[in-house]
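One structure below.
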Protein chains: 8
Amino acid sequence: MVYSKKPLVGIIMGSSSDSRIMQGASEILDQFNIKHEDQIVSAHRTPARLSEYAKHAENMGFKVIIAGAGGAAHLPGMIASHTIIPVIGVPILVYNDKNAKKSDTSKFSAFGGLDSLLSITEMPSGSPVVSVGVNKSANAAIYTMKILANEFPDLQKKLKIHKSDQHDSVIKESDQLKKQGLSKFAQNKFK
Amino acid sequence: MVYSKKPLVGIIMGSSSDSRIMQGASEILDQFNIKHEDQIVSAHRTPARLSEYAKHAENMGFKVIIAGAGGAAHLPGMIASHTIIPVIGVPILVYNDKNAKKSDTSKFSAFGGLDSLLSITEMPSGSPVVSVGVNKSANAAIYTMKILANEFPDLQKKLKIHKSDQHDSVIKESDQLKKQGLSKFAQNKFK
Amino acid sequence: MVYSKKPLVGIIMGSSSDSRIMQGASEILDQFNIKHEDQIVSAHRTPARLSEYAKHAENMGFKVIIAGAGGAAHLPGMIASHTIIPVIGVPILVYNDKNAKKSDTSKFSAFGGLDSLLSITEMPSGSPVVSVGVNKSANAAIYTMKILANEFPDLQKKLKIHKSDQHDSVIKESDQLKKQGLSKFAQNKFK
Amino acid sequence: MVYSKKPLVGIIMGSSSDSRIMQGASEILDQFNIKHEDQIVSAHRTPARLSEYAKHAENMGFKVIIAGAGGAAHLPGMIASHTIIPVIGVPILVYNDKNAKKSDTSKFSAFGGLDSLLSITEMPSGSPVVSVGVNKSANAAIYTMKILANEFPDLQKKLKIHKSDQHDSVIKESDQLKKQGLSKFAQNKFK
Amino acid sequence: MVYSKKPLVGIIMGSSSDSRIMQGASEILDQFNIKHEDQIVSAHRTPARLSEYAKHAENMGFKVIIAGAGGAAHLPGMIASHTIIPVIGVPILVYNDKNAKKSDTSKFSAFGGLDSLLSITEMPSGSPVVSVGVNKSANAAIYTMKILANEFPDLQKKLKIHKSDQHDSVIKESDQLKKQGLSKFAQNKFK
Amino acid sequence: MVYSKKPLVGIIMGSSSDSRIMQGASEILDQFNIKHEDQIVSAHRTPARLSEYAKHAENMGFKVIIAGAGGAAHLPGMIASHTIIPVIGVPILVYNDKNAKKSDTSKFSAFGGLDSLLSITEMPSGSPVVSVGVNKSANAAIYTMKILANEFPDLQKKLKIHKSDQHDSVIKESDQLKKQGLSKFAQNKFK
Amino acid sequence: MVYSKKPLVGIIMGSSSDSRIMQGASEILDQFNIKHEDQIVSAHRTPARLSEYAKHAENMGFKVIIAGAGGAAHLPGMIASHTIIPVIGVPILVYNDKNAKKSDTSKFSAFGGLDSLLSITEMPSGSPVVSVGVNKSANAAIYTMKILANEFPDLQKKLKIHKSDQHDSVIKESDQLKKQGLSKFAQNKFK
Amino acid sequence: MVYSKKPLVGIIMGSSSDSRIMQGASEILDQFNIKHEDQIVSAHRTPARLSEYAKHAENMGFKVIIAGAGGAAHLPGMIASHTIIPVIGVPILVYNDKNAKKSDTSKFSAFGGLDSLLSITEMPSGSPVVSVGVNKSANAAIYTMKILANEFPDLQKKLKIHKSDQHDSVIKESDQLKKQGLSKFAQNKFK
């Protein structure tokens with residue numbers, strides 16, 4: 001089933017390197033046939049785009065915006081300040097990139113994602129943005145579908161099937177584990 | 001305008017002492033005429049109620065659940081695991097209660113709310129719950145209205161007026177500050 | 001000596017990937033001939049199994065449950081809320097898995113295990129769960145035997161021998177270190 | 001019912017000021033008629049007592065030791081290293097004592113209990129000690145009873161009644177909250 | 001000496017309650033006869049003002065902007081993204097306000113200022129903002145004068161006198177301390 | 001355009017190994033034709049050089065000093081205490097150096113840069129130093145140009161072009177992302 | 001016994017307000033008849049005094065320097081860099097001073113002493129300074145005597161008596177606790 | 001020059017794997033011809049050795065004990081509680097060992113060394129132990145020589161030469177850096 005011809009969800013991120021993490025969201029939405037539009041909106045390098053994007057999002061009729069950002073992660077809160085569309089923040093842990101040039105010193109990670117998480121959640125009263133866990137872009141997509149399911153009852157069924165699939169896959173693995181015993185199971189899995 | 005005869009939102013919290021913080025959510029919802037039902041559901045003291053409440057919430061047709069909890073804050077994530085209704089977590093900072101009896105040692109605060117925040121956000125992939133900032137129950141209520149506004153366009157207008165009121169109140173205070181100068185303004189405000 | 005025909009200990013974990021850490025517990029129990037049953041019980045993906053497992057554990061007569069979980073580690077506390085069997089939590093540090101697919105972004109580690117530890121220990125008054133150190137599954141197994149030794153005096157002897165063996169192995173290494181001198185000893189050990 | 005004529009549990013703490021927190025444990029044990037012996041054993045000011053106390057505890061037949069300590073909390077781990085009796089650590093948050101003399105600078109709190117918690121849990125492999133949450137001495141006592149209930153089936157009933165009482169008290173408060181509504185409930189409770 | 005007829009410095013803050021902390025900056029600038037203009041610019045409640053203020057600041061010829069904000073402190077970084085005027089951020093620790101109404105739950109402090117500090121400093125490469133210490137608004141003002149002194153050599157003299165006065169005041173107190181002895185000095189100071 | 005024959009900026013760092021991070025600053029300054037002089041000034045190994053360097057900097061007419069240091073990062077604050085020239089601190093995260101000899105134990109990283117950041121920002125009132133984010137040396141250089149632009153209007157133009165180039169490069173990448181879709185874009189970028 | 005006519009120990013601190021914490025050191029030294037000289041040496045407000053004080057200390061023949069400082073605590077490390085006399089750092093937690101004027105914003109505490117502790121300990125290889133715990137000035141004095149006892153065997157006896165007195169006082173309190181029982185003991189102590 | 005026939009310094013560590021870090025201390029002492037005796041004393045696996053070692057150390061006439069430990073680092077504080085010899089703690093960061101077997105889960109690092117540092121410094125009043133920075137064993141050795149230099153004036157000269165050598169080596173590298181320029185210097189050093 002296709003829920004709409006136009007995208008229902010806007011995915012934005014602060015930089016192209018965040019796409020490594022944020023693709024977790026698009027993969028889930030694709031799998032559930034939720035149309036989304038993807039853009040890079042940098043709160044700091046393209047500040048004028050914040051209000052432009054907010055208007056664009058309202059004109060497009062987006063029902064949810066998923067916004068990923070790392071470090072001083074202002075993007076989710078700033079977009080949320082420009083629109084009444086609900087925004088889900090994805091704090092991104094800047095990681096050591098093995099392929100980075102030696103002089104690209106901005107790739108050494110610090111603070112373990114705490115900077116991003118707090119930059120997203122600790123908004124003043126009156127200006128809410130919500131956050132999933134660090135790097136949990138897939139969870140932002142599933143939460144998006146929970147919101148959409150209020151309007152698209154068909155999605156409720158799909159979410160229940162998804163839950164049920166998760167459940168079955170745990171049971172299956174648990175049965176293997178129980179049968180093989182923990183020591184053998186782990187040795188097989190991590191050999 | 002009344003949006004529905006039945007409550008649209010369920011507010012739950014882990015303990016009656018959390019009501020001190022969580023009333024920030026009910027005040028906002030009341031102000032916007034959003035009906036809500038309020039309960040205490042303790043993940044640890046009433047674990048069987050988790051699935052009962054989840055069923056109740058689906059039967060009642062709640063469109064959002066706001067769940068507040070402190071310390072090892074399992075309630076938001078556990079309710080989210082039982083239902084496809086979107087859950088907004090409110091991490092609660094356990095604080096020093098001056099009126100607590102001397103032997104009531106559980107009231108000395110530790111970890112500054114970080115325990116609650118991480119217990120809510122760091123859910124595994126597939127099981128999302130989102131969080132507002134520590135003690136920011138009012139923000140959970142405003143975010144709830146952003147979700148509801150997808151279905152109730154009248155709420156969109158109200159949210160825009162709310163934004164506009166916030167804006168005007170900042171402008172008014174800023175004009176005072178600019179006129180009086182910072183030193184005098186602060187002395188008046190905090191004398 | 002075999003202490004019972006039926007398992008005395010239930011080992012559970014939130015996901016099959018936790019088996020890498022949790023096998024430290026089963027190796028110790030195997031070594032001491034303590035029968036254990038191993039399962040995967042996900043607080044979030046199989047929430048209904050929490051109460052089922054708790055009943056199963058009481059029916060089986062488990063005397064200790066060892067529960068490992070990472071991130072927002074709800075499993076130990078939730079199981080403890082369903083049963084009066086003592087539960088030992090093992091906080092699991094989610095680590096960078098070199099073999100993970102590049103898109104598997106949930107494998108980048110954050111918070112150094114603090115999220116798991118606090119999610120386990122900071123339970124409200126009345127609902128206790130205890131924790132060993134991050135990833136210290138072997139310690140959970142030895143602690144289990146300390147509990148069992150209250151009923152199986154033969155285990156007391158074994159635990160004393162275990163302590164004594166540890167002691168002797170330190171003495172032996174210390175004598176080598178003292179004889180070779182620290183610089184040479186370390187060079188040999190880490191060449 | 002009296003479970004034994006001799007104490008089954010040893011409660012120790014690093015300093016007399018820890019008694020403010022640790023009495024939470026004795027109140028619970030008293031309530032359940034579990035005999036306990038209480039002492040101050042300072043790992044740092046009475047180091048020779050560590051092994052003496054361990055021998056005493058084994059001679060007395062203690063089945064659990066509850067050990068509370070703050071700051072660099074070595075007591076639980078050091079006692080655990082001297083005996084095979086299971087030790088439950090209670091990390092104690094050093095707090096600001098309003099009645100402290102101005103020169104008693106050791107009363108200013110630092111690190112929010114994290115120092116105590118990590119000093120207790122992060123023991124090396126082979127030497128386990130377990131921890132409850134910061135200042136959660138009552139939980140240490142309830143966990144103690146979970147251990148004892150393996151040998152004293154009567155305690156199992158009592159623990160189930162305790163759980164059931166907790167459950168009922170939550171339900172009662174929840175019903176009040178639901179009836180009064182959150183805003184009014186909180187105003188009554190915190191006026 | 002008056003350095004200019006128009007203000008050289010813009011002081012902004014996210015909310016009127018920040019004026020308690022930010023007046024430390026205006027007091028220093030007043031003392032040095034540096035004209036400044038003071039406003040409230042909320043990144044979240046008045047987002048459209050960010051670019052307006054930036055243009056205003058450039059039109060006014062401000063040479064430095066001092067921007068204070070607490071929690072998810074986006075204001076300094078967002079203003080810096082809109083202008084090439086150097087911005088000095090002041091992270092503000094949200095504190096417990098004894099006079100706050102009981103229901104004003106946003107006043108309970110969390111994270112000790114770390115959220116504000118990291119929200120200000122951890123900007124992406126290319127978009128710099130600098131920070132002084134938490135609540136150190138006076139230092140932001142003195143740093144401002146260091147920048148201005150590049151253009152106003154007279155300020156260099158004043159800064160040197162300020163340094164020299166600080167030095168002399170330490171020497172004077174040190175002489176008292178040395179003469180009275182530490183114990184007596186402290187008793188006098190903190191009786 | 002060349003802004004001066006003599007260097008306008010002094011770059012210093014605590015150790016030669018910091019040059020790996022600090023070259024981010026010199027590359028930016030070189031690109032903008034800002035002359036700078038580079039030295040190693042160790043607060044701890046060459047303490048007498050602190051005042052010598054401060055005098056040298058004033059004699060040279062430096063308008064900004066960029067000071068990078070890791071661990072207990074005293075260099076920025078100590079230089080700032082010796083001179084009225086504005087100092088920009090760069091906290092440096094000590095990282096694991098794969099090429100370090102096995103015995104060079106000082107290369108194992110701890111505290112994620114928090115030690116360096118707080119050692120730089122938390123200066124007492126009256127003695128300001130400002131900080132950019134951890135390892136963000138390039139940002140220190142751009143901030144330097146913002147300060148210099150007060151005196152060299154030509155730099156204002158260059159900074160605006162730099163901002164505009166950043167903006168355009170984001171737009172270009174965003175257009176690619178939008179066109180390809182997030183999943184494909186990320187797979188191409190991180191294959 | 002008087003160990004020397006001239007002071008053997010120099011106590012320094014960064015500011016007169018640190019005397020509230022540092023008097024814990026002088027009280028212990030006075031009690032043991034160890035002569036000490038007390039001064040304020042601010043690394044930041046009197047940087048030139050660092051080398052002067054270091055020379056003075058060597059000329060006076062000080063055998064230990066105790067240096068207390070808060071926030072970005074550079075004093076212990078900077079003095080240690082100027083002299084070969086062993087320096088003991090005392091990290092000082094800046095606390096909320098109830099008597100502080102409302103505008104004295106520097107008194108709001110942040111970071112719980114972690115900033116001071118890391119600013120003292122994390123010195124580069126080759127430049128050691130050691131630290132006691134946060135605010136533990138008394139411990140710095142006792143450690144000083146342990147160093148001095150290498151040269152003054154009479155101090156060894158006194159330290160052993162001190163240890164023995166501590167031991168006895170714990171035993172005495174423990175006996176009271178054991179006799180009264182924990183609940184009653186705590187009620188008496190904290191009524 | 002040889003300062004004594006018998007060792008003046010005892011180096012101890014909690015486990016043989018700590019020798020990788022602790023050899024930094026022995027290398028420095030060897031270089032300065034300070035005799036030392038090296039042992040493994042595990043607070044937890046060989047608790048009875050704590051008092052034995054303390055007596056041994058006093059009989060041997062050790063003037064300083066250097067004690068390294070990781071995790072819940074009790075060793076330095078416990079040894080300090082048994083003797084009046086000054087103890088210098090070295091907190092050891094447990095690190096990921098690439099060569100560790102996959103099942104050796106105790107090698108995954110957590111808490112970045114903070115657990116070890118706080119376990120060493122936060123001793124109660126009356127029981128001091130001092131700490132150098134995480135993994136800074138070489139600094140513990142140099143600090144040891146500062147203590148010994150009170151009795152062995154010849155060491156004072158050597159320490160001054162050591163300081164002077166450090167100074168000269170910084171100057172030499174700084175001259176290279178200044179001459180080559182930072183960008184080129186760094187490229188050469190890290191190519």
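Order of the sequence lines fixes the chain letters, A, B, ..., with proteins taken first and strands second; residue numbering starts at 1 for each chain.
- Here the CG atom belonging to B:L177 is positioned 11.0 Å from the CD1 atom belonging to E:I12, to the nearest 0.5 angstrom.
- B:F185 contributes atom CZ, which lies 8.0 Å from atom CE of E:M13 (distance to the nearest 0.5 angstrom).
- For B:K184, the NZ atom is loosely surrounded, since the number of other residues' heavy atoms within 6.0 Å does not exceed 12.
- What you find for E:S17 and B:F190 is that their closest heavy atoms are O-CZ, 3.6 Å.
- Of the two parts of E:D30, only the side chain, counted from C-beta on, holds a non-hydrogen atom closer than 4.5 Å to a non-hydrogen atom of chain B.
- At least one side-chain heavy atom of B:K178 sits under 4.5 Å from a side-chain heavy atom of E:E37.
- The minimum heavy-atom distance between E:I40 and B:S174, with the atom names listed, is N-OG, 2.9 Å.
- Defined by atom type and a distance below 3.5 Å, a donor-acceptor pair is missing between the side-chain atoms of E:E27 and B:S183.
- When heavy atoms are compared at a cutoff of 4.5 Å, E:Q39 approaches chain B by way of both its backbone and its side chain.
- Among the candidates E:A25, E:S16, E:S42, E:A48, the residue making the largest number of heavy-atom pairs closer than 4.5 Å to chain B is E:S16.
- E:R45 pairs with exactly one of B:Q166, B:K163, B:H167 by the side-chain contact (heavy atoms from CB on, under 4.5 Å) rule, that one being B:Q166.
- Distance check: E:S15 OG to B:E173 CD gives 7.0 Å after rounding to the nearest 0.5 Å.
- Judged purely by atom type and a 3.5 angstrom limit, E:D38 uses its side chain to pair as donor or acceptor with the backbone of B:L182.
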